[in-house]
Amino acid sequence: METQAIIFDLDGVIVSTDHYHYRAWKQIADREGVPFDENRNVLLRGVSREESLEILLELASRPYSAEEKKKLAEEKNEIYRGLLTELTPADILPGVLTWIDRAKEKGLRTAIGSSSKNTDFILERIGLSDTFDAVVTGADVTHSKPAPDIFLLAAERLGVPAGACWVVEDAPAGIQAAKAAGMKTLGVGEFVKDVDPDRWAMTLGDAEL
Ligand code: B16
Ligand code: MG
């Protein structure tokens, strides 16, 4: 089916917020005495805040109650939101603006499909609030990536069949979600290099639309 829309993941594709996520989770992990490093952080990419905490706590030495988990997730988000105030349009990753322009020139619809409930805040910080035809986030669905729901809802809001959508993703969970939605994928960045080497680029600046 001919491509009619491009759905961009946000964190790791449009802007690199992963280090801010890492710094926030690391503060929580250190305080709780849970081992956590950059390698463990990769497992959290594209995954919801709550599920990220579950993964982090897999290495904890004691069980945590639902209430404690809720508080930890809230604390992490407060730290993360504080760090996000450092974001500016200069943080938009290489090739992104060209891709958006090219997509529009070709008459393709564009959307954001992100697990992040901070999507609106991030888009505002980097000056892209009014750029996309649709924005779907983790706040719009019950099941986040790797479930296909975020991308399927984006296609629905764009009025385009799933098979005509092309998803750009940096996380294994996101590629899995896109494939489960029956969409084509382009992987960007080192963490999805081995998933589909024929449809992969280090940055969007290295890929042709
Ligand atoms: P929040 P994406 C994802 O965004 C991040 O990659 C992931 O690390 C994060 O846990 C998730 O958003 C939830 O973020 O805590 O802001 O709701 O890659 O799907 O754009
Ligand atoms: Mg991502």
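Just so it is clear, the model here is predicted, and its values are computed rather than measured. Ligands are counted one by one from 1 in listed order, and the atoms in each one are counted from 1 as well.
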N or O contact, [X] vs ligand 1, cut-off under 3.5 Å:
| X | result |
| --- | --- |
| Tyr80 | no |
| Arg49 | yes |
| Gly113 | no |
| Asp170 | no |

Closest to atom 11 (C) of ligand 1 (judged by heavy-atom distance), picking from Val47, Leu84, Ile55:
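It is Val47 whose heavy atom sits nearest to atom 11 (C) of ligand 1.
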Selected option - heavy-atom contact closest to atom 20 (O) of ligand 1, from Ser114, Ala177, Ser116:
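Closest candidate by heavy-atom distance is Ser114.
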Suppose we measure from [atom] to each protein heavy atom; which comes out shortest, and what is that distance?
| atom | answer |
| --- | --- |
| atom 8 (O) of ligand 1 | Leu44 O, 3.1 Å |
| atom 18 (O) of ligand 1 | Asp9 OD1, 2.9 Å |
| atom 5 (C) of ligand 1 | Asp11 OD2, 3.3 Å |

Using non-hydrogen atoms of the residue, decide whether Gly138 is closer than 4.0 angstrom to ligand 1.
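No; Gly138 lies far enough from ligand 1 that no heavy-atom distance drops under 4.0 Å.
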Is the closest heavy-atom distance from Gly46 to ligand 1 below 4.0 Å?
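Contact present.
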Please determine if Glu67 and Lys71 form a salt bridge, counting it only when a charged side-chain N lies under 4.0 Å from a carboxylate O.
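No.
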Test: Lys145 and Glu51 ion pair at under 4.0 Å:
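Glu51 and Lys145: not salt-bridged.
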Output every pair passing side chain to side chain donor-acceptor pair (under 3.5 Å) with a member in residues 19-37, not counting sequence neighbours, ordered by first then second residue.
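Qualifying pairs, neighbours excluded: Asp11-His21, His21-Lys76, His21-Tyr80, Lys26-Asp30, Arg31-Glu75, Glu32-Tyr64.
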As a quick check of understanding, evaluate side-chain hydrogen bond (donor to acceptor under 3.5 Å, both in side chains) for Thr3 and Lys184, giving each step before the final call.
CA-CA 9 Å; Thr3 305; Lys184 288 164 274 192; 3.0 Å; yes
Just which atoms of ligand 1 are under 4.0 Å from any heavy atom in [X]?
| X | answer |
| --- | --- |
| Lys117 | 1 (P), 16 (O), 17 (O) |
| Ser52 | 10 (O) |
| Asn118 | 1 (P), 16 (O) |
| Leu10 | 20 (O) |

Polar side-chain atom of Thr185 near backbone of Gly187 as donor-acceptor pair, under 3.5 Å
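Flag not set: sc Thr185 to bb Gly187 has no pair under 3.5 Å.
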What do you reckon, is [atom1] of [X] surrounded by more than 12 foreign heavy atoms closer than 6.0 Å?
| X | atom1 | answer |
| --- | --- | --- |
| Lys193 | NZ | no |
| Glu38 | CD | yes |
| Glu208 | CD | no |

So which N/O/S atom does [X] have closest to the Mg ion (ligand 2)?
| X | result |
| --- | --- |
| Asp170 | OD1 |
| Asp9 | OD2 |
| Asp11 | O |

Members sharing Val195's hydrophobic cluster (side chains within less than 4.5 Å)
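Members other than Val195 - counting any ILVMFWY side chain reachable under 4.5 Å - are Ile175, Val192, Trp200, Met202.
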Apply the side chain to side chain contact (heavy atoms under 4.5 Å, CB included) test between Ile126 and each candidate in Ile14, Thr88, Leu93, Thr131; give the one that qualifies.
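Of the listed residues Ile14, Thr88, Leu93, Thr131, the side chain to side chain contact (heavy atoms under 4.5 Å, CB included) partner of Ile126 is Ile14.
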Give a yes-or-no answer on whether the side chains of Lys104 and Thr110 include a donor-acceptor pair shorter than 3.5 Å.
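Checked: Lys104/Thr110 side chains show no N/O donor-acceptor pair below 3.5 Å.
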Just by distance, with hydrogens left out, do Asp101 and Thr98 show a side-chain donor and acceptor under 3.5 Å apart?
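Short answer, no.
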Quick check on the Mg ion (ligand 2): does Glu169 put an N/O/S atom closer than 2.8 Å to it?
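It does not; every qualifying atom lies at 2.8 Å or beyond.
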Quick check on the Mg ion (ligand 2): does Asp18 put an N/O/S atom closer than 2.8 Å to it?
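It does not; every qualifying atom lies at 2.8 Å or beyond.
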